[in-house]
Structures are given as structure tokens and as C-alpha cells.
Amino acid sequence: MAEKLAANAATKLSHVNVPPAQTWNYLRINDIAFEVPAPVTKGEVLSRLPRLFDAVETGIGTEAASWIVSASGDSRYVEVKAGTHRAEPIVVDVDAAAGTVCDTGVLVREGAEATVVVAAHGTPAEAGTTAALVRIVAERRAHVTLVEVVALGKGSQHLEGIGIDAAEGAMVDVRQYALGGEKVAMGICTNLAGRKARLTQDMRYLARGSEQLDVNHVVRQRGRLTKSEIVTSGILADAAHKTMRETIDLIHGAKGAEGREIETVLVAGDDVVNKTLPTILCDEDDVAGNHGASIGSISPEQLAYLADRGVSTADAEALFARAIFDDAVIHAPEATSRNAALSRAELVLGTEIARDVAEGLGLDEGEEH
Amino acid sequence: MQDTLLTIDGLSAGTEDKPILHDIHLELGSGQTHVLMGPNGAGKSTLGHVIMGDPSYQVTSGSITFDGADITDLTSDKRSLAGIFLSYQAPVEVPGVPLYSFLRTICQMRPELKTTARKFRERVGQICEQLELSDSFLMRELNVGFSGGEKKKVEMLQLLLLQPKLAILDETDSGLDVDALSIVSRGIEAYRAQCDGTLLVITHNTRILERLDVDRTHVMVRGHLVAEGDASLVGEIDASGFSRFEDELAAKGGVA
Ligand SMILES: Nc1ncnc2c1ncn2[C@@H]1O[C@H](COP(=O)(O)OP(=O)(O)OP(=O)(O)O)[C@@H](O)[C@H]1O
Ligand SMILES: [Mg+2]
């Protein structure tokens with residue numbers, strides 16, 4: 001459960017978001033370091049979750065993951081029974097005002113369907129750290145939808161580590177919205193272990209001011225005929241820093257596996273730092289891996305089309321920013337994530353536009369409070 | 001006499017290294033429906049884009065006057081706000097922007113259309129119904145993965161929302177199945193009826209004109225407007241093609 005952390009006793013996490021393949025360090029993007037509060041409990045702390053979660057690899061790395069386990073003080077385990085459809089999303093509520101650090105394990109049994117939401121929101125009293133570790137095991141033919149909304153602000157640093165194991169025929173759909181936070185690390189690793197397991201992952205982000213966003217996307221494709229499709233797009237404004245590591249690991253034996261990743265970045269600030277490390281590891285002949293990236297601005301064709309409808313270049317950038325929030329609200333499956341996106345929208349887009357987003361997308365009817 | 005909405009006077013334009021349009025004169029009366037026909041590659045789409053202010057073309061001479069003001073040097077976003085709309089032959093995909101966000105933005109920036117989000121949703125819902133377009137499209141990214149026909153319907157949706165003074169429809173009918181064609185034709189008819197809009201219809205197909213009262217027909221060949229007539233000219237072209245006009249232009253020595 002949520003626990004207020006002692007802010008002064010600091011611990012250093014030196015290697016957060018380490019990608020599977022280390023490269024020559026020219027961009028210095030092999031990892032990121034975090035200063036975090038020392039856990040209240042000293043020494044080795046074992047996860048209180050069932051043992052099977054120990055084997056789940058998370059994108060933020062073992063150092064950060066074990067810190068979260070020990071700092072969280074408690075853990076939450078949810079099991080979704082075989083063949084059932086759990087309508088109500090499993091919500092991991094991360095509140096910056098409470099300094100939430102939490103450890104969650106979700107077991108989605110054979111053929112079951114579930115939605116997991118991780119919503120980080122709020123403002124810390126002063127500067128503060130929040131963290132969420134979420135490990136998900138999807139058994140055969142299970143269907144997991146994960147929606148992450150990180151909607152933090154000034155003074156917030158946040159670590160979000162996700163690990164997903166997908167057995168034969170399991171489907172994993174991920175939507176990540178990184179909408180703000182002074183220093184944010186999001187690391188997700190999906191292990192497509194079983195035959196025909198598949199992942200679709202769609203990330204949108206907006207980083208502005210001096211915000212720092214650090215992302216590690218890893219897919220391990222072990223099973224035959226597994227499929228992954230990772231789409232990432234975002235806007236960097238002002239002096240925002242973004243580091244994106246994208247790894248598709250096509251492991252020996254994964255015959256017929258396909259992995260695809262595409263990244264687009266809209267750079268809308270002169271002092272933006274934009275680093276990307278795309279990697280396709282391939283230890284199997286009979287696979288297809290594909291990486292596409294486009295960095296820069298909105299294409300001339302798109303700008304011309306928008307201009308023909310009255311949208312100037314400056315308006316277009318505002319439209320793209322608004323669109324990220326609209327999209328988050330459209331896909332947020334419940335109130336905590338939706339409200340997180342909306343209150344962040346208020347700060348970023350202003351009250352008028354934020355209200356427009358809320359009203360336009362049917363949130364003023366009061367059904368979701 | 002009817003007011004003139006658009007006057008194109010002695011306009012020549014092209015890309016940096018290639019002249020495309022030559023000495024174009026065209027006048028559209030307010031509330032009128034004009035048709036522009038011509039063989040592939042004649043310059044019809046180029047004319048549409050030049051009227052809209054597409055920066056990839058340069059105007060080398062002549063002027064465009066719209067609603068009493070010279071707009072030759074205006075950027076396209078300003079022309080759009082002034083009331084000109086160009087429906088694309090091939091609408092552009094814009095990933096990352098839900099159709100809803102786009103529509104809302106282009107309406108809110110026009111004082112005459114500004115309204116509450118709720119009323120806007122209602123209006124969009126009505127038009128979607130009219131166009132037999134599921135409103136689930138609103139939550140999808142603008143034109144991304146839409147079929148050819150769906151893209152054309154989204155152009156119509158914008159036409160009906162924005163109610164521009166002048167609508168240039170560039171082959172809005174191409175690639176539509178029979179049902180979609182009649183839905184789109186009814187949409188155009190509705191636009192005409194709603195706001196007494198002025199139309200410049202670029203087409204190769206006479207079916208889309210069946211529901212419209214055509215005031216004037218223009219023929220473009222190799223960047224020249226070579227003939228003008230009433231609605232009957234459409235039927236004539238449909239029956240015997242463009243060769244007559246091409247021969248006439250060649251005889252005059254007007255080869256680009
Ligand atoms: N941006 C451009 N760059 C280079 N050439 C161009 C450009 N735009 C148009 N053209 C050329 O100008 C000519 C006229 O093209 P345009 O698209 O206007 O023809 P059109 O009459 O609309 O033909 P269609 O009936 O096939 O749509 C063509 O030869 C075309 O290749
Ligand atoms: Mg054309």
C-alpha cells in the first residue's frame with residue numbers, strides 16, 4: 001500500500017531502464033540513474049507475491065524492481081479466474097501527494113480477459129518519488145489490456161516498471177500515455193513465450209519544460225509465430241529530454257516470429273534533447289524484424305492539408321498536443337486514469353481546452369465519478 | 001445580376017521548374033455551381049490547390065479575388081478561414097490526431113461556428129448519420145487506415161460542418177461505390193441548400209452532377225481553359241471526349 005517515504009535518506013539506483021544489448025556508450029543512453037529514498041526496511045526483502053512473479057522480467061531492471069519491492073512495504077495480488085471476463089479494470093492508483101510506491105502482481109488464467117490500469121497523478125507536497133511495479137502473467141489464450149497514464153507534474157519523479165509474460169495464444173494490448181513528470185522512467189518488458197502470443201503496444205508522450213522522460217521498451221519473442229507491433233509517437237517541446245530504447249529480441253527457435261516498431265517524434269522546441277536507440281536482436285533466420293523512425297516535424301503534406309482546413313503551423317502543434325490528451329481520455333477505461341489525464345490537460349492545455357476535452361468526450365454526464 | 005464570389009484573372013502558375021497553368025480567367029457567381037472537366041494531367045487539381053494557396057505552387061502572374069478581397073498572397077489557413085474549402089482528391093493521413101480532435105479544432109477557430117462541445121457532438125452525430133458514417137470513426141486517427149470511400153465521406157463531413165462560401169470538390173466522386181456516390185451527392189445537395197454555397201466541381205463522371213443544377217461548365221486542356229458553356233457541355237464531353245478541344249488548342253499553337 002501507499003507509504004510516505006523518508007525523503008532525506010537517499011539510495012542511488014545506478015542502472016534503471018537498461019536495454020538488453022549494451023552498445024558503445026556514445027549517446028550515453030545505456031541507462032539512467034535515480035536518487036530515491038532509502039527503503040524503511042533495511043536489507044534483503046523478498047517479494048510477497050507468489051513465486052511465479054519472480055521470473056517475470058520488467059523493463060526497468062532488477063535494481064529498480066527490488067527497490068520498489070522493498071520500499072513498497074506491501075504488495076497486491078489479483079487473480080482472474082480461467083475463462084472469465086473481468087469487466088472492472090484492476091487499477092493501480094499512484095498518487096504523488098501520498099508518495100505511492102507499490103508492487104502488484106496480476107495472474108490472468110487461461111482464456112480469461114482483464115484490463116489493468118496504472119495511473120500516476122497528483123502533486124507531491126514538495127519534491128517526491130512515486131513508483132509502480134506491475135508484473136502480469138497471462139496464461140494460454142488470455143487477453144490482457146494494459147493502460148498506463150503517467151500524468152505527473154513539477155517536483156515529481158516516477159519509476160514505472162512493467163513485466164508481462166504471455167503464454168501460447170495470449171494477447172497483450174498496451175497503451176502508454178506519458179503526459180508529464182519532472183523525471184520519469186517507464187520500462188516495459190513483454191515476454192512472448194508461447195506460440196502465437198502477440199503484443200500490440202502504442203505509446204504517446206508529451207514532454208515539455210525541462211521534463212525528462214526515459215523509456216525502455218523490450219519484447220522478447222521466444223515462441224514460434226509470435227507477433228509484436230510497437231508504435232511510439234510523441235511531442236518534445238521547450239527543453240525536454242527524451243531517451244527511448246526499443247528492443248525486439250527474436251530468440252533462437254522463434255520460427256515465423258514477426259516484430260515491428262515505428263517511432264515518430266515531433267520536435268517543437270529549440271533546446272530539446274531527443275535520443276533513440278532502436279535495436280533488433282536476431283538469433284533466428286526465419287523471422288521478420290522491422291524498425292522505422294521519423295524524427296522532425298509534421299510532414300509538408302500534412303501541414304498543407306491542415307492549413308487548407310484553417311490550421312496554421314502553430315495551431316497544428318497545439319492540435320497535436322491536444323490530440324494526445326483526447327486520445328488518452330478516449331482510451332482510459334475508468335475514472336482514475338481519465339481524471340489523471342484531464343487534470344494534467346488543465347495544466348498543459350489550459351482550463352478552457354481541458355473542459356472542452358472532458359465535455360466533448362462525454363465526461364460531463366456524470367456517469368463516471 | 002448575381003454577386004461574383006471568385007474572380008481569377010490572368011493567372012499563370014506552376015512548380016519551380018514547370019509552368020502548369022496558363023493565363024486562367026474564371027469567374028464564379030455566388031451560389032452558382034460550376035463544373036471543371038479535362039483530361040488527366042490537364043491541371044485541374046493544380047488549379048484547385050492554387051486557389052487554396054498551396055505553397056508548392058508559385059503564381060507567376062495574375063490575381064485571385066475572393067469575396068471582394070485580393071487573396072493572391074494569402075496563406076492557405078487564412079483562405080480557409082475566409083471561406084474557401086478544397087476537398088482533396090487524395091486526403092492526407094494524420095497519425096496521432098483523432099478525427100474528433102481535428103474537427104473540433106477546425107470548428108472552434110471559426111467565430112461563426114464556435115459552440116459548446118455538447119452541441120458540436122450533436123451536430124457531428126447528425127452529419128455522420130446523414131453520410132452513413134459510423135461515429136466510431138471520430139475516435140480513430142484522422143484518415144489513418146480509412147478506405148478510399150471513407151476518406152471521401154470525411155471530406156464531406158468537413159464540408160457540411162464548415163459550410164464554406166466556396167467549395168472546390170476535386171474528384172470527390174472517384175472511387176465511390178454506387179451507394180456511397182448517392183450519399184455523397186445528397187451531401188453536396190445539402191451543402192448547397194443549407195448555406196447557398198458556391199461549388200466548383202472537378203470530375204470525370206457525370207453521375208455526381210445528376211442532383212445538381214449546373215450553371216457553367218469549363219474545359220481545361222494542358223493548363224489552358226479552352227471552352228466554357230452551360231450544363232449541356234457536360235453531356236457533349238461525355239459523348240465525344242476532349243479531342244475536339246485538344247485539336248483546337250493545338251491549332252491555336254497553345255502547346256505548353
Ligand atoms: N507538385 C507538382 N510537382 C510536379 N509536377 C506537378 C505537381 N503538381 C502537378 N504537376 C503536374 O502538373 C500536371 C497537372 O496535374 P494535375 O494534378 O493538376 O492534373 P489533373 O487535371 O488534376 O489530372 P487528373 O484528372 O489525372 O486528376 C501534371 O502533369 C502533373 O504531373
Ligand atoms: Mg486531379
Side-chain angles (χ1 to χ4, degrees), chain A residues 177 202-206 231-235 262-266 292 294 297-332 345 349 352-365, chain B residues 48-49 51-57 74-88 90-110 113-121 124 136 138-144 155 158-159 161-162 164 168:
Chain A
Y177 296 94
D202 188 326
M203 177 179 207
R204 319 262 164 127
Y205 62 82
L206 169 68
V231 180
T232 304
S233 67
I235 304 178
I262 303 171
E263 194 203 348
T264 49
V265 189
L266 176 61
S294 81
S297 44
I298 314 167
S299 80
E301 293 73 29
Q302 291 171 344
L303 278 178
Y305 183 72
L306 295 173
D308 284 1
R309 304 297 145 91
V311 180
S312 69
T313 304
D315 295 333
E317 281 172 8
L319 169 61
F320 274 74
R322 176 199 169 135
I324 292 176
F325 288 91
D326 277 337
D327 200 70
V329 172
I330 288 169
H331 291 103
L349 307 173
E352 198 186 326
I353 304 272
R355 249 192 49 207
D356 197 65
V357 172
E359 284 176 13
L361 298 168
L363 304 178
D364 55 341
E365 267 111 66
Chain B
H49 282 273
I51 296 173
M52 199 68 238
D54 188 331
S56 49
Y57 301 105
L74 228 53
T75 53
S76 2
D77 55 311
K78 302 242 169 57
R79 296 189 199 197
S80 169
L81 297 178
I84 307 180
F85 179 87
L86 169 68
S87 164
Y88 273 43
V92 178
E93 301 194 354
V94 187
V97 178
L99 175 58
Y100 172 81
S101 316
F102 171 67
L103 296 175
R104 180 66 176 152
T105 301
I106 62 176
C107 285
Q108 281 303 92
M109 61 205 316
R110 291 160 211 263
L113 294 179
K114 234 179 151 165
T115 180
T116 64
R118 189 189 295 262
K119 287 210 180 96
F120 174 77
R121 276 298 290 262
V124 174
S136 65
L138 295 171
M139 303 306 153
R140 286 175 54 181
E141 295 170 289
L142 177 56
N143 290 329
V144 177
E155 296 288 278
Q158 293 171 61
L159 172 70
L161 267 177
L162 297 179
I168 305 163

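Just so we're on the same page: letters track the sequence lines, and every chain starts at 1. In this text the structure is predicted, and so the values were computed from the model without any measurement.
Contacts between B:Pro164 and chain A at a heavy-atom distance below 4.5 Å are absent for every atom of the residue. Both the backbone and the side chain of B:Met139 come within less than 4.5 Å of a heavy atom of chain A. If you measure heavy-atom distances from A:Ser312 to chain B, the contacts under 4.5 Å come from both the backbone and the side chain. Both the backbone and the side chain of B:Phe102 come within contact range of chain A, each with at least one heavy atom under 4.5 Å from a heavy atom of that chain.
The distance from the CG atom of B:Asp77 to the OG1 atom of A:Thr313 is 7.5 Å, given to the nearest 0.5 Å. Distance check: A:Asp202 CG to B:Glu141 CD gives 7.0 Å after rounding to the nearest 0.5 Å.
For residues 311-323 of chain A, every residue pair satisfying the salt bridge (Lys or Arg N to Asp or Glu O under 4.0 Å) rule, not counting sequence neighbours, is listed here: A:Arg322-A:Asp326, A:Arg322-A:Asp356.
A:Gln302 pairs in a side-chain contact (heavy atoms from CB on, under 4.5 Å) with only one of the listed residues (B:Val97, B:Val92, B:Leu142), which is B:Val92. No option in A:Ile353, A:Leu306, A:Leu319 other than A:Leu319 meets the side-chain contact (heavy atoms from CB on, under 4.5 Å) test with B:Thr105.
Between A:Thr264 and B:Pro95 the shortest side-chain heavy-atom distance does not fall below 4.5 Å.
Taking each heavy atom of B:Ser101 and A:Ala323 in turn, the nearest pair found is OG-CA, 4.1 Å. The two residues B:Ser80 and A:Gly310 have their closest heavy-atom pair at OG-N, 3.0 Å.
No donor-acceptor pair under 3.5 Å is formed between the side chain of B:Ser76 and the backbone N or O of A:Asp308. Looking at A:Arg309, its side chain does come within 3.5 Å of a backbone N or O of B:Leu86 through a donor-acceptor pair.
Using cut-offs of 30° and 60° on the angle between ring planes, the pair A:Tyr305 and B:Tyr88 is perpendicular.
Taking chain A as the reference chain and counting heavy-atom pairs below 4.5 Å, the highest number among B:Gln158, B:Lys78, B:Arg79 is found for B:Gln158.
The salt bridge (charged side-chain N to carboxylate O under 4.0 Å, His left out) search around B:Arg140 returns none, not counting sequence neighbours.
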